[in-house]
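One-based numbering along the sequence shown.
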Amino acid sequence: MFDDTTPMIDRVRAVLPQIKANASKAEADRMVPAESIELLKGTGLHRAFQPKAYGGLEMPVPDFENCIALIATACGSTAWAFSLLAEHAHQIALYSKTLQDEVWGDDPDTLSSSSIAPYGQAVEVEGGVRFSGEFGWSSGCDHATWAILGFLRDDADLGKVYSFAIVPRSDYEIRDNWFTAGMRGTGSKTLVVKDAFVPNHRIESVPALMTLTSAGGALYPDSQIYHVPFIYVFASCFSAVSLGIAERMIELYTERTQGRVRAYTGAKVGQSIPACMRLAESTHQVAAGRAFLEKTWAEMRDHAERRAYPTETQMAFWRTNQAYAVKMFVAAVDRLFEASGGSAWFDDAEAQRLFRNSHMTAAHAYTDYDICAQILGRALMGLEPDPSLF
């Protein structure tokens, strides 16, 4: 569909009209339409973090996140679900080659969803664990054939160790319980696993994944993306989606307000001082948030390319910068939505969908700024990280 020389951002821009046209269907179906997934797979973006050994792109973080922000201007739900489906390849690349062959060997286009909270129960058996549990919030799971699931694994020396098991679609059922006010189209349903055997090569601990000491941590020494802790790359999509939603809200508010006339007086709203001031402040706020994120993404890229492991303070900033940016984006969206009039509240109005989805980007555990302020504050004070803060 696309020439190999076509920049990824241009490939995404080419399918954006169809993604936008499917946004209402995503809401109605409570999942990303298969057509939208196939359109985005046609760009190759789903291979952004896949190893080149399997035909992947090993794309730098800033390039990927700018694509996700662009998709979010058309459909926040699609951007959210697709970005996670794509970003999981970074984590899988840190597992054993045996696992990677299982996932990508027969179908390099295979996607994986996740539910990373440690809800799983595992019983140690020879060669692995018997694994069970109910795992919510698995965005895009209808389009995935593998799932990355969290649990606490018993370790004789360390006690309970936060770990991830990777299981095939044949080992879990999808429970359709995704009925929400925001991000309706992400299809973030619950995965149910009942006594599945998970061999050891499909399990890694979070400490090993974070320090690149996992089975696949040294598989790609020449790569320029795998040399930073995966969790910061994984979580970058939340702020990128929030950015795209806010940028679209600015466009929409401008379009609607320029031609809006007050019903009772006939006054032209676009010429009013408050309308101009709201637009100006939100524009500044979103531009500042984008610049902040771009700086953060660039730092991740720089560390990966130099194979320089970040300091604890650097990681605290990466962890919390994104949540602060989301806080800015939500404020910018709120400022414009509250001045958009009653018609913005209709079910078919794009503005109310942007408003709902914007707030949902701030509801994820990773973008909870109350938590993030504590994490960064402790780091700046030279205190040890608090393990109760995620």
With a 4.5 Å heavy-atom cut-off, do [X] and [Y] have their side chains touching?
{"X": "Thr78", "Y": "Leu40", "answer": "yes"}
{"X": "Thr190", "Y": "Ile174", "answer": "no"}
{"X": "Pro51", "Y": "Gln100", "answer": "yes"}
{"X": "Lys41", "Y": "Leu111", "answer": "yes"}
{"X": "Arg262", "Y": "Lys268", "answer": "no"}
{"X": "Lys97", "Y": "Leu219", "answer": "yes"}

ask   = For the side chain of Arg353 and the backbone of Gly76, is there at least one donor-acceptor N/O pair under 3.5 Å apart?
value = no
task = Only pairs at least two apart or in different chains count here, so list each salt bridge (Lys or Arg N to Asp or Glu O under 4.0 Å) that has a residue in residues 211-227.
result = none
task = Just grab all the salt bridge (Lys or Arg N to Asp or Glu O under 4.0 Å) pairs involving residues 376-387, residues at least two apart or on different chains.
result = none
task = Compute both the distance and the angle, then confirm whether Arg30 meets the cation-pi test with Phe179: under 6.0 Å from the six-membered ring centre, within 45 degrees of the axis.
result = yes
cation_pi(Arg319, Tyr366) dist<6.0 Å, angle<=45 = yes
key: By ring-ring contact (aromatic ring centres under 6.0 Å, His included) - contacts of His201 (at least two apart)   = none
Charged N to carboxylate O below 4.0 Å: is that the case for [X] and [Y]?
{"X": "Arg47", "Y": "Asp109", "value": "yes"}
{"X": "Glu350", "Y": "Lys20", "value": "yes"}
{"X": "Lys160", "Y": "Asp155", "value": "no"}
{"X": "Glu35", "Y": "Lys25", "value": "no"}
{"X": "Glu173", "Y": "Lys189", "value": "no"}

task = Anything under 30° is parallel, anything over 60° is perpendicular, the rest tilted; go ahead and classify Tyr220 against Tyr226.
result = tilted
inquiry  = Determine whether the aromatic ring centres of residues Phe337 and Trp345 are separated by less than 6.0 angstrom.
reply    = yes
inquiry  = With clusters defined by side-chain heavy atoms of hydrophobic residues (ILVMFWY) lying less than 4.5 Å apart, directly or transitively, does Leu149 cluster with Met210?
reply    = no
query = What residues form a side chain to side chain contact (heavy atoms under 4.5 Å, CB included) with Ser114, not counting sequence neighbours?
reply = His88, Ile116, Ile148, Phe234
ask   = Tell me the ring-ring contact (aromatic ring centres under 6.0 Å, His included) pairs involving residues 101-120, sequence neighbours left out?
value = Tyr54-Trp104
inquiry  = Under a 3.5 Å threshold, yes or no: a donor from one side chain and an acceptor from the other, between Arg278 and Thr257?
reply    = no
ask   = In chain order, what residues pass the side chain to side chain donor-acceptor pair (under 3.5 Å) check against Ser214, with sequence neighbours excluded?
value = none
